[in-house]
Amino acid sequence: MIEKILANLEKSNCATDNIFLQAVSEVLTSLEPIVKSDPRYEQYAILERLVSPDRIIQFKIQWLDDNNTININNGYRIQFNNALGPYKGGLRFHPSVTTGVLKFLAFEQIFKNSLTGLPIGGAKGGSDFDPKGKSDFEIMKFCHAFMRELHSYIGARVDVPAGDIGVGSREIGYLFGEYKHITHNYDGVLSGKPYAFGGSLMRPQATGYGVVYFAREMLKEELQESLEGKVCTVSGAGNVALHTIEKLQQLGAIVVTCSDSDGTVYDSNGINLSLLRQLKDEGKRHSLEEYIQQIPTAQYTKKADYPKDAHAVWQYPCFAAFPCATQNELTLNDAQKLIENGCVAVVEGANMPTLPDAIEWLQREGVLFSPGKASNAGGVAVSEFEMSQNASMEKWDFDKVDRKLDELMRQIYKRVALTAKEYGVERNFVDGANIAAFKRVAEAMLLEGV
Ligand code: GLU
């Protein structure tokens, strides 16, 4: 049955949708033991319905740059599945954005959101707009133009977009401003808002902190190990990477790397986070080369000087690795190098950063591997906390959100680990996450009918 679904999907999706097929194929392969266990899944065509988005909204965004030149970009919102609650998921502004990329992200989001145990469905959206080098006014004008097209498809109980790559609280602020102008509604239609008006404390930190809370629990339960004093490698230098580094350092780990699309920094004394923030925080886009100008004992490797199927950031010895940059950034070559260098755990902070053959290799060699849909779910979870606070007109303090996040990440780990055990694939957290997430969504779909 699964082969048939995959073959049909391949036929109905264009070649640029490979990444979507990669994500679906991983999930369906995990589900093999469970789909046979309940005849209702076939009878109600749950899998076929699950792999096809409810709707793909595509629009043209026209905006004026600072020279009053007209610019045109593609905008999208993919509402994939709302069996468990309103559509929920981020917006990505990056030149690599296509329907294929967003379908993969929206599909993954269904499972991630299900794993949180919270009432949220799966969606994703964004644009091929490149924020690099744009002025603040250009960002504002683009966000306003984007929302002029998007506003009629979203709502606090319909679809609640948030941030992702290229979209932080500044962009969400501008998007919200335009939504309010058009609709006169002041409700929680977006999450990741600035704290000054309706945002939740800790939303900026949530994904990265959540990744580390998950890692801490997994290492404690599986290996009776802690992160204290351990060398860790992190890729990326955006919001997720910065807060993963911050929490790792707070727990006493020594983080020796970070990276961006142009290169990698290795600092054996531990990444200087305040320097990194000066270069990269809140949409700043300085080159990481400036890091070594300030700290000459660190090393910088240009991406262009590196082979295509390997990444400098994974070549250094570490206890645990945290891919926090983007999809497909950890290859089989990288995985082999990590194992050779003694790495015991790979914890994904980005969405699907590890390639399927690399995951297989890591798992076979006994490396603990946590898929992003489990370990990076803290971001969307705190988004849901923001929706709760907006709906009840409350403001929770930092400690409350932090405690709830920590508890939720531990719950996710438990759910994933127990499900893996229950289905005879102990320590396979990919299968555990996919099966646990699927069961919740499928049950809702069965109960709601076609
Ligand atoms: N973009 C984030 C993710 O990949 C957050 C989504 C949200 O907060 O809705 O989960």
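Both ligands and their constituent atoms are indexed starting at 1 by order of listing.
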Undergrad: What I want to find out is whether Glu384 reaches Lys404 closely enough, with some N-O distance under 4.0 Å, to be called a salt bridge.
TA: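 Salt bridge: no.
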
Undergrad: Can you figure out which of Ala106, Gly89, Ala162, Gly163 has its heavy atom closest to atom 2 (C) of ligand 1?
TA: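 Of the listed residues, Gly163 has the closest heavy atom.
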
Undergrad: Does only the side chain of Asn351 get under 4.0 Å from ligand 1, or the backbone, or both, or neither? Count heavy atoms.
TA: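 Asn351 to ligand 1: side-chain contact only, backbone stays beyond 4.0 Å.
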
Undergrad: What protein heavy atom sits nearest atom 9 (O) of ligand 1, and how far away is it?
TA: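 Atom 9 (O) of ligand 1 sits closest to the protein heavy atom Lys88 NZ, 2.7 Å.
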
Undergrad: Please write down residue, atom name and distance for the protein heavy atom closest to atom 8 (O) of ligand 1.
TA: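 So the nearest neighbour among protein heavy atoms is Ser383 OG, 2.6 Å.
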
Undergrad: Under 4.0 Å between a Lys/Arg side-chain N and an Asp/Glu carboxylate O for Arg410 and Asp406?
TA: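 Salt bridge between Arg410 and Asp406, a charged N being under 4.0 Å from a carboxylate O: yes.
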
Undergrad: Enter the distance from Leu227:CG to Arg216:CZ here, rounded to the nearest 0.5 Å.
TA: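 Between atom CG of Leu227 and atom CZ of Arg216 there are 8.5 Å.
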
Undergrad: Below 4.0 angstrom from a heavy atom of Lys124, which ligand 1 atoms are there? Numbered from 1 as shown, please.
TA: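 Heavy-atom distances to Lys124 below 4.0 Å select 1 (N), 3 (C), 4 (O).
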
Undergrad: Among protein heavy atoms, which lies nearest atom 6 (C) of ligand 1, and at what distance?
TA: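 Of every protein heavy atom, Gly90 N, 3.6 Å lies nearest to atom 6 (C) of ligand 1.
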
Undergrad: Is Gln109 in contact with ligand 1, taking contact as a heavy-atom separation below 4.0 Å?
TA: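 Flag set, Gln109 near ligand 1.
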
Undergrad: Is the terminal nitrogen or CZ of Lys373 (NZ for Lys, CZ for Arg) located under 6.0 angstrom from the six-membered ring centre of Phe429 and within 45° of that ring's axis?
TA: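 Here Lys373 fails the 6.0 Å and 45° test against Phe429.
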
Undergrad: Quick one: do Arg170 and Asp136 make a salt bridge, cutoff under 4.0 Å?
TA: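 Salt bridge between Arg170 and Asp136, a charged N being under 4.0 Å from a carboxylate O: yes.
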
Undergrad: What are the atoms of ligand 1, with element, lying closer than 4.0 Å to any heavy atom of Lys112?
TA: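 Near Lys112, the atoms of ligand 1 are 3 (C), 4 (O), 10 (O).
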
Undergrad: Check Arg203 against ligand 1 and report side chain, backbone, both or neither, counting heavy atoms closer than 4.0 Å.
TA: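 The answer is the side chain.
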
Undergrad: Look at the side chain of Asn390 and the backbone N and O of Met387, then say whether any donor-acceptor pair between them is shorter than 3.5 Å.
TA: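 Such a contact is absent between Asn390 side chain and Met387 backbone.
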
Undergrad: Cation-pi check for Phe129 against Lys134: NZ or CZ below 6.0 Å from the six-membered ring centre and within 45 degrees of the axis, yes or no?
TA: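 Positive - Lys134 is close enough to the ring of Phe129 and near enough to its axis.
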
